Amino acid sequence: MKPEAKISTVLTILGVAFLGLAGLFLLDTFSGKEIEGPKPGKVYFSEVFTNVATVRQSVGELEETGGDMSGLDCYACHDRFGEEIKLKQNEEGELIVSKEHQGLVFARMNCEACHKSGEVELKFDEDFFVIIPEEHQGPAMQHGSKGRNDNCFICHVRGNLPFLKTPKGEELPPEKGTQLCASCHGPIYQDWEAGSHGRASGYWKEEMGKKERKACTACHDPHRPMFPEMMPAPPPNPVNTSSHADGDTKPEGKNKTGGDNETDGEKETDGEKEKEEQKP
Amino acid sequence: MSESTNPSNPSPSRSGGSSDRMDRRSFLRKSTVAASGLAALAASLSPLRKLEDYGSLEEFMQKHYKELSAEEMDQVLKRIEREVERQYDVRPHVQDLKPMDGVEFVYALNLSHCIGCRKCVYACMAENNQSRDPEIQYIRVLEMPNGTTDLEQGDHRYDPETVPRKGHYYMPIQCQQCENPPCVKACPCRATWQEADGITVIDYDWCIGCRYCEAACPYWARRFNFKEPHLPKDQVNPNMHYLGNRPRKKGVVEKCHFCIQRTRAGKYPACVEVCPTGVRKFGNILDPESEVSYILRNKRVFVLKEAVGTMPRFFYYFD
């Protein structure tokens, strides 16, 4: 074989090898393992936890925003078997609301939402407190811890339940529920007015936009004003957490004595058991 | 190559065949060495194919945030918009809102009414484009037994069926936006500083990831991107701020910045907005009419780890 031929063969081999390697690199054969991206479709957290809505909607709010008022019927207040209610309609079939009902919001809950009509008979004790049957005690009426405030007519106008009445006898339309609350809960109302109690959303700088305040009944059910219990959003996920995944909640001593991961794990489960035991 | 030319003048006196074989062997040897050398060279250069991931030359040559002129800032914001669009298929609106005159932000939190629902934690994640996997959260809610404010007794992994649990109160902790911030002092490259409105910010392009600030913070407020952050494309919040919620890279520190992209536009931070009980209060302390001014005047407020001398702008109170 001639030397020139040898040189050319070697150069060809080298060239082919280089091209081959270059091709392999282009195909990512030698690059590091790809980091796994977020899995499509995996729910990282529920949108429930970022929802800005308040825990409840007051009737006043429903009125203002034109919310769903279905299910509120006349018989919440009127006696179903008493005088017949005659609805007046205009030529287009729309309901004409009588003068005394204008601006009035129908009570949402009435016994007949669950009970057959006529089945329910309200019983009052000597002081006109509604006697609540045992099965309805608990969630239904819990304004005040000792049940001293469970008389309907402390806050509602007798004979016209949707209208409200302050202890001084001042009658208020249902949208002015905040004033009714203020008539007893003065200091909290003061805090609410100043902005330290209750929710605020929108703009902190009023020149740049509107600051929205919520009325009392947007968060508190007047019949059961304690803020309802809620399901908490999931705790920080130690598997997903990169920084300070462990070690933060564990006291240092544990890590020092433990050493092995296994022992650490055991201790953690012990802690969980303790927690479970603490639960009532 | 000089040696390879030698065989072209072989001495005819010696046996030509043997010298040929020798030469072939040496050629093979050399070619193997050369091939492996080339392979090594190519392998060492192969990361260059992913040069894009290491940031552009523009980013590398960028000046410090405080030295950027308005025009240069515009260029930088456009570059970030381009990069975000390429990575997340979302056209973001990256801003650089400056602090307002006569504004100093203060936060107040009513511990009597916090129920520990952790909504603030997740609203914050949704607003601020934190990494979902690994999970980075700015707010940590501690479940504290009644009768103590000893943080060591708090548990941030509580997970009961419903909250609040009896005999406990809840204490959310996030960046306290100190007036005397130890993290700023610890930073060796001035990548974090305090702005005129009291927000301590981080320039993610300037951070070298030494984590000194994280160690200096007494409130466990700073988080480090150990891995490449992962944020689903459909969960990107396109309203961004240079010093706030623009997507971060691996190897930089981040923390709560009072939702700078919202608060400097006059809005409430996301955590205030979402809190169902309304215990989170935010506003301008220099405005005597603001709700935080009212709280500081009328409530008994306290700060965490007062003895450390950090002078937090984050106040807790009971009422």
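Given the structure is predicted, the values throughout are model-derived calculations rather than measurements. Throughout, a chain's letter reflects where its sequence line sits, starting with A, and its residues are numbered from 1.
- Contact residues of residues 177-195 of chain A toward chain B are A:Gln190, A:Asp191, A:Ala194, A:Gly195 (heavy-atom distance under 4.5 Å).
- Between chain B and the residues A:Ala200, A:Gly202, A:Gly209, the most heavy-atom pairs under 4.5 angstrom are made by A:Gly202.
- Side-chain atoms of A:Trp204 never come within 3.5 Å of backbone atoms of B:Tyr268 as a donor-acceptor pair (strictly under, hydrogens ignored).
- Within the 4.5 angstrom heavy-atom criterion, no atom of A:Ile13 approaches chain B.
- A:Ser196 and B:Lys281 make their closest contact through O-CE, 3.6 Å (heavy atoms, listed as atom of the first residue, atom of the second, distance).
- In this structure, chain A has no heavy atom under 4.5 Å from any part of B:Ala108.
- Atom CZ of A:Phe227 sits about 7.5 Å away from atom SG of B:Cys117, to the nearest 0.5 Å.
- Side chain of B:Tyr122 to backbone of A:Pro234: a donor-acceptor contact under 3.5 angstrom is found.
- Ranked by heavy-atom pairs shorter than 4.5 Å toward chain A, the options B:Gly116, B:Gly266, B:Ala35, B:Ser31 are led by B:Gly266.
- Here the side chains of A:Glu229 and B:Glu161 are not in contact, with every heavy-atom distance at 4.5 Å or above.
- B:Val121 does not touch chain A: none of its heavy atoms, backbone or side chain, sits under 4.5 Å away.
- Under the 3.5 Å distance criterion, the side-chain polar atoms of A:Arg199 are matched with a main-chain donor or acceptor of B:Glu273.
- Side chains of A:Lys211 and B:Lys267 form no contact here, defined as non-hydrogen atoms less than 4.5 Å apart.
- Considering only heavy atoms from C-beta on, B:Pro160 comes within 4.5 Å of A:Pro232 through its side chain.
- Taken to the nearest 0.5 Å, the NZ atom of A:Lys205 stands 13.0 Å off from the CZ atom of B:Arg264.
- Residues B:Ile115 and A:Met230 meet the side-chain proximity criterion, which asks for heavy atoms closer than 4.5 Å.
- Under a cut-off of 6.0 angstrom, the local environment of CG in B:Asp234 is crowded, with over 12 non-hydrogen atoms contributed by other residues, nucleotides or ligands.
- In terms of heavy-atom proximity, B:Ala34 sits nearest to A:Leu14 at CB-CD2, 4.1 Å.
- The candidate with the highest count of non-hydrogen atom pairs below 4.5 Å against chain A, out of B:Gly167, B:Ser131, B:Ala265, B:Ala270, is B:Ala265.
- Panel note: side chain B:Arg157, backbone A:Pro236; no donor-acceptor pair is recorded below 3.5 Å.
- Of the listed residues (B:Pro164, B:Gly283, B:Cys275), the one with the most heavy-atom contacts under 4.5 Å to chain A is B:Cys275.
- The side-chain contact (heavy atoms from CB on, under 4.5 Å) test applied to B:Ser293 returns B:Ile285, B:Ser290, B:Arg297, not counting sequence neighbours.
- Side chains of A:Lys6 and B:Phe27 form a contact here, defined as non-hydrogen atoms less than 4.5 Å apart.
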**Asked** Going through the distances and angles, do A:Met208 and B:Met100 end up as a side chain to side chain contact (heavy atoms under 4.5 Å, CB included)?
**Response** CA-CA 12 Å; A:Met208 299 178 89; B:Met100 290 181 233; 4.0 Å; yes
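- Among residues two or more places apart in sequence or in another chain, the ring pair (Phe, Tyr, Trp, His ring centres under 6.0 Å) test is passed with B:Tyr138 by none.
- With a 4.5 angstrom heavy-atom cutoff, B:Tyr170 does not touch chain A via any of its atoms.
- Remark: B:Asp319 pairs with B:Asn110, B:Lys299 by the side-chain hydrogen bond (donor to acceptor under 3.5 Å, both in side chains) rule, at least two apart or across chains.
- With a 4.5 angstrom heavy-atom cutoff, B:Thr263 touches chain A via backbone and side-chain atoms both.
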